[in-house]
Amino acid sequence: MTDVSTPNNKPATHATGLSNPDAAPASTVRARVNEWFLSNGRDLPWRRPEATAWGVLVSEIMLQQTPVVRVQPVWEEWMERWPTPHDLAAEPAGEVLRAWGRLGYPRRALRLHACAHAIATEHDGVVPNDLPTLLSLPGVGEYTAAAVACFAYRIPATVVDTNIRRVIGRIFHAKALPGPTMTRAQYRAAQALMPAHPNEAGEAADAHYSPAEVAEANTWNAASMELGALVCTARDARCGECPVESVCAWVAAGKPAADYVPRGQAWHGTDRQVRGRVMAVLRESDGPVPHEVMATRDGAERAASAATESRLRSALAELALLTADDAQRASCVRGLVEDGLAVLTSGGEVSLPG
DNA sequence: AACGCGGGGGC
DNA sequence: GCCCCAGCGTT
């Protein structure tokens with residue numbers, strides 16, 4: 001079968017990126033997973049009907065590499081404080097970084113701030129609803145663009161995140177884990193599982209969807225992701241709770257182990273660790289911090305001893321405790337300034353950007 | 001394709 | 001300790 005326009009209610013084929021001829025019918029998998037989702041999906045605030053497209057965008061950026069449980073409280077604060085892109089755009093970057101807190105990868109906060117500015121000034125304050133425009137926003141890549149189109153605007157774009165890659169890999173390819181980065185084959189496999197096939201660009205992807213197919217596609221995007229988050233997890237898949245256990249290729253194959261060894265991210269002693277501690281000090285400080293405190297161990301130690309506010313003192317102590325030498329500390333401060341996460345004052349101090 | 005980029009919780 | 005998490009931008 002080479003005709004990708006055929007409704008894919010039969011086993012997917014090599015031509016569509018799915019190579020297992022015995023794979024379960026896509027329509028069966030979709031129906032079971034979607035039904036499971038209706039009663040088992042979490043009631044997350046950005047999924048509620050009153051969530052705005054802006055709220056969805058904020059949630060998606062925050063959720064890039066950060067788990068739901070840690071995002072949710074911060075997202076609630078942000079929505080109350082900055083309910084529209086205009087509100088966030090009016091804020092200084094430093095305030096945004098402070099409010100980002102410990103979500104990690106603070107560059108995402110800067111990009112979200114830049115997003116808000118772009119939306120406010122170039123898009124009349126309205127979050128774009130088409131993939132090319134979404135992709136043009138800072139910090140919005142293929143996944144996030146599709147997620148915003150789908151979850152905010154009910155446009156059935158093909159959403160592919162790490163959960164969906166794993167779920168599809170197991171159900172249709174008997175693969176335990178999908179590998180660290182998405183391949184085009186995996187993207188095409190996900191595309192082939194949509195009720196109708198979006199065109200390659202994904203634009204106007206709903207042109208030939210019936211209303212029922214639109215609903216099915218949008219639910220599938222959320223449901224397959226949720227199945228990966230709650231049941232078909234990377235470790236300890238709870239197959240007994242899975243609605244498609246009986247048709248899963250990975251289960252049928254005896255749950256073979258992953259064929260690659262994940263390479264853990266180095267952490268101890270890395271620039272990332274140093275940068276994180278420096279940013280933590282900046283977040284806890286009311287104003288600029290002497291460069292020597294950030295760039296030398298002795299400076300951090302003395303500042304920690306002198307600090308009276310407990311959270312600041314703790315952040316300074318954690319910075320001082322790092323094994324990093326002064327050259328690395330200084331280099332990390334330079335890097336943070338280059339990245340726009342910090343600025344140097346004329347008085348030789350380091351502070352959050354204005 | 002590979003790398004840099006935070007941080008915390010589960011095992 | 002190790003691994004994972006609703007990725008993105010750069011090289």
Side-chain angles (χ1 to χ4, degrees), chain A residues 41-42 44-47 55-75 97 100-112 114-115 134-152 157-167 176-187 190 221-230 232-238 258 260-283 315 318-319 322 331-332 335-336 338-341:
Chain A
R42 291 167 291 183
L44 301 173
W46 46 85
R47 283 183 182 158
V56 172
L57 175 58
V58 171
S59 78
E60 293 301 341
I61 301 280
M62 287 182 172
L63 286 163
Q64 290 168 1
Q65 299 289 279
T66 303
V68 166
V69 288
R70 291 175 49 206
V71 163
Q72 184 161 343
V74 180
W75 184 89
L97 286 167
W100 190 255
R102 309 184 69 84
L103 289 181
Y105 294 146
R107 298 201 280 207
R108 292 182 293 161
L110 286 188
R111 290 175 182 150
L112 191 45
C115 260
L134 283 165
L135 281 168
S136 75
L137 297 174
V140 176
E142 189 168 28
Y143 162 76
T144 303
V148 170
C150 175
F151 302 141
T158 303
V159 177
V160 189
D161 77 322
T162 186
N163 285 310
I164 292 177
R165 291 193 298 127
R166 184 176 58 253
V167 165
L177 294 175
T181 56
M182 181 171 68
T183 65
R184 297 322 292 172
Q186 286 171 350
Y187 183 82
N221 281 331
S224 53
M225 201 181 310
E226 191 79 335
L227 188 70
L230 299 183
C232 195
T233 52
R235 290 181 298 200
D236 304 326
R238 305 162 164 182
Y260 83 100
V261 182
R263 284 181 44 204
Q265 292 177 331
W267 175 244
H268 185 74
T270 61
D271 283 0
R272 271 200 300 182
Q273 187 184 31
V274 178
R275 289 165 56 106
R277 299 273 171 100
V278 169
M279 290 302 296
V281 169
L282 289 179
R283 285 196 306 268
E318 298 210 332
L319 177 59
L322 292 174
S331 163
C332 285
L336 289 169
E338 283 172 13
D339 291 344
L341 290 163

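Just so we're on the same page: letters track the sequence lines, and every chain starts at 1.
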- Results of side-chain contact (heavy atoms from CB on, under 4.5 Å) for Ser224(A) - residues two or more places apart only: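 Ile164(A), Trp220(A).
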
- Message: With a strict under 4.0 Å distance from non-hydrogen atoms of chain A, what nucleotide opens and what nucleotide closes the contacted stretch of DNA chain C, reading 5' to 3'?
- Response: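 Listed 5' to 3', the contact boundaries are dC3(C) to dG9(C).
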
- Query: Sequence neighbours excluded, which residues qualify as side-chain contact (heavy atoms from CB on, under 4.5 Å) partners of Leu97(A)?
  - Reply: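 In terms of side-chain contact (heavy atoms from CB on, under 4.5 Å), with neighbours along the sequence ignored, Leu97(A) is linked to Pro106(A), Ala109(A), Leu110(A), Met279(A), Leu341(A), Leu352(A), Pro353(A).
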
- Checking all strands, does Trp46(A) fall into the base, sugar-phosphate, or nothing category for heavy-atom contacts under 4.0 angstrom?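 Counting heavy atoms under 4.0 Å across all strands, the contact made by Trp46(A) includes a base.
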
- If you walk 5' to 3' along DNA chain B, what is the first nucleotide with an atom under 4.0 Å of a heavy atom in chain A, and what is the last?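 Listed 5' to 3', the contact boundaries are dC3(B) to dG10(B).
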
- Could you tell me whether Arg235(A) contacts a base, only the sugar-phosphate backbone, or nothing, with contacts defined as non-hydrogen atoms closer than 4.0 Å?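 The residue Arg235(A) makes base contact.
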
- Task: Determine whether Leu135(A) and Thr144(A) make a side-chain contact, defined as any pair of heavy atoms from C-beta on separated by less than 4.5 Å.
- Result: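 No, too far: nothing below the 4.5 Å cut-off.
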
- Query: Which is true for Pro106(A) with a 4.0 Å heavy-atom rule: it touches a base, it touches only sugar-phosphate, or it touches nothing?
  - Reply: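 If one applies the 4.0 Å heavy-atom cut-off, Pro106(A) turns out to touch the sugar-phosphate alone, with no base involved.
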
- Sugar-phosphate, base or nothing in reach of Gln273(A), heavy atoms under 4.0 Å: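 The residue Gln273(A) makes no contact with any strand.
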
- Min side-chain heavy-atom separation Trp100(A)-Met62(A) under 4.5 Å: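 SC-SC contact between Trp100(A) and Met62(A) confirmed.
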
- Residue whose nearest DNA chain B nucleotide is more 5′ - Asp236(A) or Tyr105(A):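 Between the two, 5'-proximity favours Tyr105(A).
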
- Could you check whether Ile164(A) gets within reach of a base, just the sugar-phosphate, or nothing at all, counting any heavy atom under 4.0 Å?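 Answer is nothing: Ile164(A) stays at 4.0 Å or more from every strand.
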
- Query: Just checking Ser59(A): base, sugar-phosphate only, or nothing, at a heavy-atom cut-off of under 4.0 Å?
  - Reply: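 No contact.
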
- Message: Under 4.0 Å, heavy atoms only, any strand: does Arg42(A) hit a base, just the sugar-phosphate, or nothing?
- Response: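 Result for Arg42(A) = base.
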
- Message: Dot-bracket for DNA chain B, please. Rules: Watson-Crick or G-U, both distances under 3.5 Å, ( ) within the strand, [ ] when a pair crosses earlier ones, | for another strand, . otherwise.
- Response: |||||.|||||

- Message: What's Thr66(A) touching, base or sugar-phosphate or nothing? Going by heavy atoms closer than 4.0 Å.
- Response: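 Base contact - Thr66(A) has a heavy atom under 4.0 Å of at least one base atom.
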
- Task: Considering only NZ, NE, NH1 and NH2 on the basic side and carboxylate oxygens on the acidic side, decide whether Glu142(A) and Arg184(A) come within less than 4.0 Å.
- Result: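 A salt bridge is present here (some side-chain N lies under 4.0 Å from a carboxylate O).
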
- Query: If you measure from the P atom in dC5(B) to the same atom in dA6(C), how many Å do you get, rounded?
  - Reply: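 Pairwise P distance, dC5(B) against dA6(C), rounds to 23 Å.
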
- Message: Does Thr144(A) reach a base, just sugar-phosphate, or nothing at all? Heavy atoms under 4.0 Å.
- Response: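 Sugar-phosphate contact only.
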
- Do you know the tightest heavy-atom contact between Ala190(A) and Val160(A)?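 For Ala190(A) versus Val160(A), the nearest heavy atoms are CB-CG2, 3.5 Å.
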
- Message: I need the minimum non-hydrogen distance between Trp75(A) and Pro45(A), along with the two atoms involved.
- Response: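 Nearest pair, atom of Trp75(A) first, then Pro45(A): CZ3-CB, 3.3 Å.
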
- Non-hydrogen atoms of Ala234(A) and Leu177(A) that approach each other most closely: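 That would be O-CD2, 4.0 Å.
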
- Does Arg111(A) or Leu44(A) map to a spot on DNA chain C nearer the 5' end, using the closest nucleotide for each?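 It is Leu44(A), whose closest nucleotide lies nearer the 5' terminus.
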
- Query: Which part of the nucleic acid, if any, lies within reach of Val68(A) when heavy atoms closer than 4.0 Å are counted: base, sugar-phosphate only, or nothing?
  - Reply: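 Base contact.
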
- Can you see which heavy atom on Asn163(A) is nearest to which on Ala229(A), and at what distance?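 Asn163(A) and Ala229(A) have their closest heavy atoms at OD1-N, 3.6 Å.
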
- Message: Applying a 4.0 Å non-hydrogen cut-off, can you work out what Ala234(A) is touching in the nucleic acid: base, sugar-phosphate, or nothing?
- Response: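 Here Ala234(A) touches the backbone only, sparing every base.
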
- Heavy-atom pair of closest approach, residues Val274(A) and Leu322(A):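 Where Val274(A) meets Leu322(A) most closely, the heavy atoms are CA-CD1, 3.7 Å.
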
- Item | Any residue meeting side-chain contact (heavy atoms from CB on, under 4.5 Å) with Arg111(A), in chain and number order, not counting sequence neighbours |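 Expected list: Arg107(A), Pro138(A).
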
- Message: So which atom in Gln186(A) and which in Pro178(A) form the shortest heavy-atom distance, rounded to 0.1 Å?
- Response: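 Heavy-atom minimum between the residues: NE2-O, 2.9 Å.
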
- Query: Between Val69(A) and Leu336(A), which has a closest nucleotide on DNA chain B that is more 5'?
  - Reply: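 Looking at DNA chain B, the more 5' nearest nucleotide goes with Leu336(A).
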
- Message: Can you check the distance between dT10(C) and dG6(B), where both ends of the measurement are the P atom (answer in whole Å)?
- Response: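 Comparing P positions in dT10(C) and dG6(B) gives a spacing of 15 Å.
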
